[in-house]
Structure formats: structure tokens, C-alpha cells
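Note that ligands are numbered from 1 as they come in the structure, with each ligand's atoms numbered from 1 the same way. Remember, predicted model here, so these are calculated numbers, not experimental data.
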Amino acid sequence: MSARVIYLLVLCLGGTLAAPSTKVPEESKIDFLMPNVQPKVADTYLCISMKANTTPTYIVGFAPHANMEIAHHILLYGCQEPGSKKQPWNCGEMAHLSSDYNTGPVCRSGAQILYAWAMDAPSLKLPEGVGFTVGGSTDVKYLVMQVHYKSVDTFLPPNNKTDSSGITMTTTNTEMPRRAGVYLLGTSGIIPSHSTVYMETACNFDEDVVLHPFAFRTHTHSLGKVVSGYVIHDGQWREIGRQDPHKPQMFYNATTPGLEIKKGDILAARCTMQNDKDVDVSIGSTQNDEMCNFYIMYYTDGDRISDQTYCFTPGPTTWYWDQFERADKMNLAAIPRTASIIPGTDKVIKQKIPRSIYDLYGDGARDELLPADYSWEALSDNADEIYDNLSDNDAELLAYLKNKLNNY
Ligand code: IYT
Ligand code: CU
Ligand code: CU
């Protein structure tokens, strides 16, 4: 059953691509749906793949077919090679041993996100004349769709239902005047126990192509409070997007319309993370780890997209925006105050460090420690415990601060 559905899907895509191209864009709808799956373990992530054709196809629209009671999120990836040949397969961040499905990564190589849906969010509309190019000579040889089944009650007795959630894509063979792409900003790093830290990343945009960002997506696990992304042009910070990562993690319209990203500009993002746990949390791939991601969806006028597709920097406790090689061009005094404000609220979420560090340097020192809006607050709770119990990461944070102080 499942194999046949996939086979039909592949035939369908092949059929569309074989049609002769005409002047008027001829659009087709392609269903990319789960083949009546029945995951039995909560938090199962299932993937299916579809081969793209040898001639380019332009995806000009996405419509989700899902219901938030069943599918928590859907991600559409472009891959050079899919994570498995068996359909469907378990492609979760922590593959479940008890799963009925074969496990594997989403993509074996060349992963990039093309579309995201989550929790009954409305469908994303691409701007006029914009399409994602897949197949042909592009890096997208396969499309892979991942569906997150958070609760599996409907699949168990007595209901025993099956699911066919997915996406309907609107495609055409007619070349689109504008091409869409996705650029990912992220960090590595550590969020020390009982602290609030900024995970920051910055990169030069150094390509001879102008990007028009029109949508953005944020991604953290549970410790993210707010994620914001910017383009800095001649020392001026412009917000591409800012979101509470506890809201559905889909693509939202850019918060500043009409922005451009040009050669020589700096792209920057910050995740404000709060760790109230008794253990340090690192960036990593499982749900027990954290992530700090800011995705920019853009279009270009023409057929060329950015060759650079991502930017990752180390993050806390050693790397902040002021460590960037071109920090002098960032105008750190102009970091928007809102960078660490959750949309719809008005309080700046400041970095907080364990009392132990604060005690060592006191008020004056704290103010000297970090530039711009890097004001730190000392934690009042757990102060004594933490003081007696400096973890390795606190020690690292301390070393960093000491080093800063020595430079004055
Ligand atoms: C460590 C981390 O930040 N992982 C992210 C970013 C990432 C995206 C892709 C990493 C790799 C990729 O191929 I595409 I390697 C991460 O895993 N983000 C998740 C999805 O896996 C994409 C997310 O929902 O944004
Ligand atoms: Cu999900
Ligand atoms: Cu993640």
C-alpha cells in the first residue's frame, strides 16, 4: 500500500515535468502526503521522499493538509540524497528504539529547509513571480517531508486510525522571474545552569547577488525566550524578524518589508535563552539539548541564489557579537533595544549570571564588562548553592569575564 502511493507520487511528478513548457505558466498541484501511516509512539517523526526530475521544476505555492491534533509540525526539505530508501522512515532527532519504522536522518546529504508548517498556522504565500527551483542541475535532487506526530492516541485501539497529513505543492515548468532560497543563522554554545544568556551569531554577506528577505522562521527547544534577526548596512540595524520560539515554528512574514541584503552587509541573529535548570544545557541534536536557529526566506531577481546557505558561530560562553571579526562595522552601540524583547511585551530580557560571578566583580565591574546593551543582572535565588558549586561552564564564563576585565 505505502509503496504504491509513493510510486504514484513519483509518477505524478514525472508526468508534470514531461509536459511541454508554454508561455502561460501551466500550474499543477502535487500532493505529497503520508501513505496512511500509524505511528504508535508519541513524538515520532516520520519522513517520506520524492525524487525531483532531471529538468527544473518551480514550486510556487504550498498548502498544508494537516490538523494540529495529529501533526505537530511539517517540514519540507530539499536533499541531495534522502536519508533512507525505505518509505516511510523514522527521521526524528532521537530515533525511538520502539518505533515500527526504519530509522535514518532526514537527508543523507545536502539538507536545506524549503517550507515549514506548524500547529494550524495559515499557509505561506510566496510573493508574485517567486518560485523554489528543484531538480535539474540544482542541489535539490529529492524532496523529503517530515511530519512530527506528538500524540498518537488516534492511532491506537480502539480508534486505530491512520494518517495522510502532508502538503499540496503548486508547481510549474515555466521558469519564474524570481528564485527563492533559505539562509540559516545559528550558534553552538552552552547555556550555564541558572543563567540567561544571549546566543549570538554574525556573518558577512559577501556574494554578488541581492537577497530580498520576505519571511523568517525561528527554532529553539524549550529554553528559547525570543529570537531576532537583522541585516546591518552601514552600521544601521534593520529587523528581518523577531519571534517567540514557543509560537508555532513556521515561516512568518518579515517584520520589516522591502529589506535588501547586499554584498558587504552583515547578517546577525540573537537567541535569548533562559536556563532555570540545575544543569548546563549545550547546543546539540536531541530534545535534551538546545538549538538557536534563525532562518531567512528570500528571493532574488533572476536565477541565482546565494551560494552561502548558512552561518554558524560558537556562542556562549566565549563568543558574542563583539567577537565578530568585523565587530567594528556592526555599530554595537546601535543594537536594537527590542532584540531581547518578546513581541507583544515591553521588558528587555537581560543576561543573568550566577551570583558568584557578580560577587567577584560587583556593580561597577559588571557595567564595564560588556559593551552596548550587554548589562548583566545577578541572580538572587540559589546564590549560595551556585557559589559553592561552580560548574566547569561557570568557570569558563568566569574566565571569559576575567579576560574582558583584564583588557581594560
Ligand atoms: C544544531 C542545530 O542548530 N541544528 C538545526 C539546524 C540545522 C538545520 C539543517 C542543522 C542541520 C541541517 O541540515 I536543514 I546538520 C536543526 O536541526 N534545526 C531543525 C531541523 O532539523 C531543521 C529545525 O527545526 O530548525
Ligand atoms: Cu513538532
Ligand atoms: Cu532542534
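The shortest contact between atom 22 (C) of ligand 1 and any protein heavy atom is with Tyr77 OH, 3.2 Å. The protein heavy-atom contact nearest to atom 1 (C) of ligand 1 is Ile283 CG2, 4.1 Å. Shortest contact from atom 10 (C) of ligand 1 to any protein heavy atom: Leu184 CD2, 4.8 Å.
Residue nearest to atom 13 (O) of ligand 1, selected from Ala111, Ser285, Pro245: Ala111 (by heavy-atom distance). Checking Arg217, Gln112, His148, Gln249 against atom 24 (O) of ligand 1, the nearest heavy atom belongs to Arg217.
For His73, the N/O/S atom at the shortest distance from the Cu ion (ligand 2) is named ND1. Nearest N, O or S atom of His148 to the Cu ion (ligand 2): atom ND1. For the Cu ion (ligand 2), the nearest N, O or S atom contributed by His72 is named ND1. Within His221, the N/O/S atom positioned nearest the Cu ion (ligand 3) carries the name NE2.
With ligand atoms numbered from 1 in the order given, ligand 1 contributes 6 (C), 8 (C), 18 (N), 19 (C), 22 (C), 23 (C), 25 (O) to contacts under 4.0 Å with heavy atoms of Tyr295. Within the listing of ligand 1, atoms 3 (O) sit less than 4.0 angstrom from a heavy atom of Phe312. Atoms of ligand 1 lying under 4.0 Å from at least one heavy atom of Asn293, given by number and element, are 3 (O), 5 (C), 6 (C), 16 (C), 18 (N), 25 (O). Heavy-atom contacts of Met291 reach the following atoms of ligand 1: 2 (C), 3 (O), 4 (N), 5 (C), 16 (C), 17 (O), 18 (N) (cutoff under 4.0 Å).
Taking the six-membered ring for Trp and the full ring otherwise, the centers of His73 and Tyr45 sit less than 6.0 Å from each other. Between Trp89 and Tyr101, the distance from one ring center to the other does not fall under 6.0 angstrom. Taking the ring centroids of Phe155 and Tyr149, they lie under the 6.0 Å cut-off. Two rings, from Tyr295 and Phe216, have their centers 6.0 Å or more apart.
Distances from atom 20 (C) of ligand 1 to the protein include at least one heavy-atom value under 4.0 Å. Atom 15 (I) of ligand 1 lies below 4.0 Å from none of the non-hydrogen atoms of the protein.
Between Glu128 and Arg178 there is no salt bridge, since none of the side-chain N atoms of the basic residue sits less than 4.0 Å from a carboxylate O of the acidic one. Under the 4.0 Å criterion applied to side-chain N and carboxylate O atoms, Asp280 and Lys277 are not assigned as salt-bridge partners.
For the residue pair Gln38/Thr162, the side-chain donor-acceptor check at 3.5 Å is not satisfied. Judged by distance alone, the side chains of Gln351 and Thr196 never bring a donor and an acceptor atom under 3.5 Å apart.
Between the Cu ion (ligand 3) and Met291 there is an N/O/S contact shorter than 2.8 Å.
The closest donor-acceptor contact from the side chain of Gln146 to the backbone of Cys91 lies under 3.5 Å. Without hydrogens or angle criteria, Thr154 side chain to Ile70 main chain gives no donor-acceptor distance under 3.5 Å.
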